[in-house]
Participant: 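Here it is, the structure in full.
These numbers were taken from a predicted model, which means no experiment stands behind them. Sequential numbering from 1 along the given sequence is applied to the chain's residues.
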Amino acid sequence: MRPYRLILAAPAAALLATALSGCGGALDPTATHRPRFATAAPPTLNKRKDPTFLAYAVPETELHAYPATRSAEYAVHGVDVSKYQGDIDWQAVKNAGVSFAFIKATEGGDALDSKFYRNWAAAKAAGVPRGAYHFVYWCRPPHEETGFFKSVVPNEPDALPPVLDVEATPTSRSCKRTLYREEVLRDMRVMLEDMERHYGKKPIIYSSVDFYQAILHSGALAEYPIWVRSTKYHPTVRYGDRKWTFWQYRSDGSVPGITGAVDQNAFHGSHAQWREWLASVTGLQAAPVAAAARPVDDRGESRLIEEDPAMPPAVGAILSSGSR
């Protein structure tokens, strides 16, 4: 997920200059000299520095065996949406074989997605299991972020667990802050625990590749389910052996009932495992989906582009902890 649907490439110098986005944060004039993250990925199986500054967890000679089109191996697929998808025909979405949807609700401490309430009600009416997600900005106190989310998203037993969307947003003009691993993990835990107390369900963490490798690596917050983004490779390549629950495998998908491109996702398991998981968290009975109704990933190799921005080179030696 991104706060904006258009993904823009930027040189490393620009990335260093923009840090992370936020709501209500004061501009720090020294931020142009800081990296977005104070930590970088720990060493992995490949010994050569990855030219995109994102590490592989498999040998580069084996990358061909891990294309994102392996999403077709999974039986259960869904979408995530926001106002950028416009007015959605949720019955058509359901009829197309979509088994779940995550719907954007809030950003930071005061930004409500204008289509949230419509999508929330219409998805349920069509019989599509749905959950809400909150996009984090890093210049708000954690309690303000979750407090706003709780004021917007109803506490409904049949909803999927809430999602905390954590990622870099280097185009922000309002929040220039370097993220230190120890501080970020502390703030995330506060937000996750607050969500769990309120909704009675263990929240899901959504992470982009660069955020995961800088902040969530080495089993951080592994007690929470994770929803990973990887639009070029199978999650094994960038997330290693981290157990994932959902995988966002493309952002340019096409689904009946939705105008334009939409993010598509897979559940990590068989249809029987989906039925069990869904019943355990919502009490809902999963609807059967014919194999022919599953989304088709028709991307050729040239279209498998990793959209996460490259992490800028570490300043000096790569730090191995979140300390300043």
Participant: Just do the side-chain hydrogen bond (donor to acceptor under 3.5 Å, both in side chains) check on E145 and H134 with the steps written out, would you?
Facilitator: CA-CA 8 Å; E145 303 247 355; H134 173 74; 2.5 Å; yes
Participant: Measuring only between side-chain heavy atoms, which start at C-beta, is I226 closer than 4.5 Å to I204?
Facilitator: no
Participant: For a salt bridge (Lys or Arg N to Asp or Glu O under 4.0 Å) check, start with the C-alpha distance between E193 and K202, then their side-chain angles and the critical distance, and finish with the verdict.
Facilitator: CA-CA 8 Å; E193 290 178 350; K202 191 168 285 293; over 6 Å; no
Participant: Check step by step if salt bridge (Lys or Arg N to Asp or Glu O under 4.0 Å) holds for R250 and D263.
Facilitator: CA-CA 6 Å; R250 69 182 301 181; D263 294 334; over 6 Å; no
Participant: Rounded to the nearest 0.5 Å, what's the gap from CZ on F100 to CG on L284? Could you check?
Facilitator: 14.0 Å
Participant: Begin with the C-alpha distance, continue with both residues' side-chain angles, and end with the deciding distance and a verdict on ring pair (Phe, Tyr, Trp, His ring centres under 6.0 Å) for Y233 and H64.
Facilitator: CA-CA 9 Å; Y233 300 111; H64 67 278; over 10 Å; no
Participant: In terms of hydrophobic clusters joined by side-chain contacts under 4.5 Å, are V209 and L304 together?
Facilitator: no
Participant: Following the transitive rule for hydrophobic clusters with a side-chain heavy-atom cut-off under 4.5 Å over Ile, Leu, Val, Met, Phe, Trp and Tyr, establish whether Y117 and V81 coincide in one cluster.
Facilitator: yes
Participant: Quick one: side-chain contact (heavy atoms from CB on, under 4.5 Å) partners of I305, sequence neighbours excluded?
Facilitator: none
Participant: Which is it for Y212 and Y239 under the ring pair (Phe, Tyr, Trp, His ring centres under 6.0 Å) test, yes or no, and what are the steps along the way?
Facilitator: CA-CA 8 Å; Y212 176 82; Y239 299 88; 4.8 Å; yes
Participant: T245 versus H268: any side-chain heavy-atom pair under 4.5 Å?
Facilitator: no
Participant: Between D252 and A261, which heavy-atom pair has the shortest distance, and what is it?
Facilitator: CA-CB, 3.8 Å
Participant: Distance check, rounded to the nearest 0.5 Å: M191 atom CE versus I205 atom CD1?
Facilitator: 10.0 Å
Participant: Would you call R189 and E223 a salt bridge, taking side-chain N to carboxylate O under 4.0 Å as the test?
Facilitator: yes
Participant: Here's a test for you: under ring pair (Phe, Tyr, Trp, His ring centres under 6.0 Å), which of W227, Y133, F135 qualifies with Y206?
Facilitator: W227
Participant: Just wondering, more than 12 heavy atoms not from D298 lying within 6.0 Å of its CG?
Facilitator: yes
Participant: Please list all pairs meeting side-chain hydrogen bond (donor to acceptor under 3.5 Å, both in side chains) that have one or both residues in residues 274-284, counting only residues at least two apart or in different chains.
Facilitator: H271-R275
Participant: Answer yes or no: is there a side-chain heavy-atom contact under 4.5 Å between T236 and V58?
Facilitator: yes
Participant: Roughly how far apart are R303 CZ and T231 OG1, rounded to 0.5 Å?
Facilitator: 11.5 Å
Participant: For K94 versus A287, what's the shortest heavy-atom pair and its separation?
Facilitator: CE-CB, 4.1 Å
Participant: Side-chain contact test, heavy atoms from C-beta onward, threshold under 4.5 Å: evaluate it for E196 versus Y224 and give yes or no.
Facilitator: yes
Participant: Would you find a donor on one side and an acceptor on the other, under 3.5 Å apart, between the side chain of E144 and the backbone of P141?
Facilitator: no
Participant: Is it true that a side-chain atom of W247 and a backbone atom of S230 form a donor plus acceptor pair closer than 3.5 Å?
Facilitator: yes
Participant: Verify ring pair (Phe, Tyr, Trp, His ring centres under 6.0 Å) between W244 and Y74, making sure each step is shown before the conclusion.
Facilitator: CA-CA 13 Å; W244 53 271; Y74 299 95; 5.4 Å; yes
Participant: Within a strict 4.5 Å, meaning less than it, do heavy atoms of the R181 and S218 side chains meet?
Facilitator: yes
Participant: Is E73 paired with R70 through a side-chain N to carboxylate O contact shorter than 4.0 Å?
Facilitator: yes
Participant: When rounded to the nearest 0.5 angstrom, what distance separates NE2 in H143 from CG in D187?
Facilitator: 11.0 Å
Participant: Can you find a heavy atom in the side chain of L185 that is under 4.5 Å from one in the side chain of L216?
Facilitator: yes
Participant: Decide, yes or no, whether a salt bridge links E306 with R229 under the criterion of side-chain N to carboxylate O below 4.0 Å.
Facilitator: no
Participant: Quick one: does NZ or CZ of K104 land under 6.0 Å from the six-membered ring centre of F116, within 45 degrees of the ring axis?
Facilitator: no
Participant: Is V228 close to Q248 at the side-chain level, that is, under 4.5 Å between some pair of heavy atoms?
Facilitator: no
Participant: Taking all atoms of both residues into account, what is the closest heavy-atom pair of P225 and P203, and its distance?
Facilitator: CD-O, 3.2 Å
Participant: Could you check if a side-chain atom of E301 sits within less than 4.5 angstrom of a side-chain atom of T69, using non-hydrogen atoms only?
Facilitator: no
Participant: If you group Ile, Leu, Val, Met, Phe, Trp and Tyr by side-chain heavy-atom gaps below 4.5 Å, do V190 and F148 land in one group?
Facilitator: no
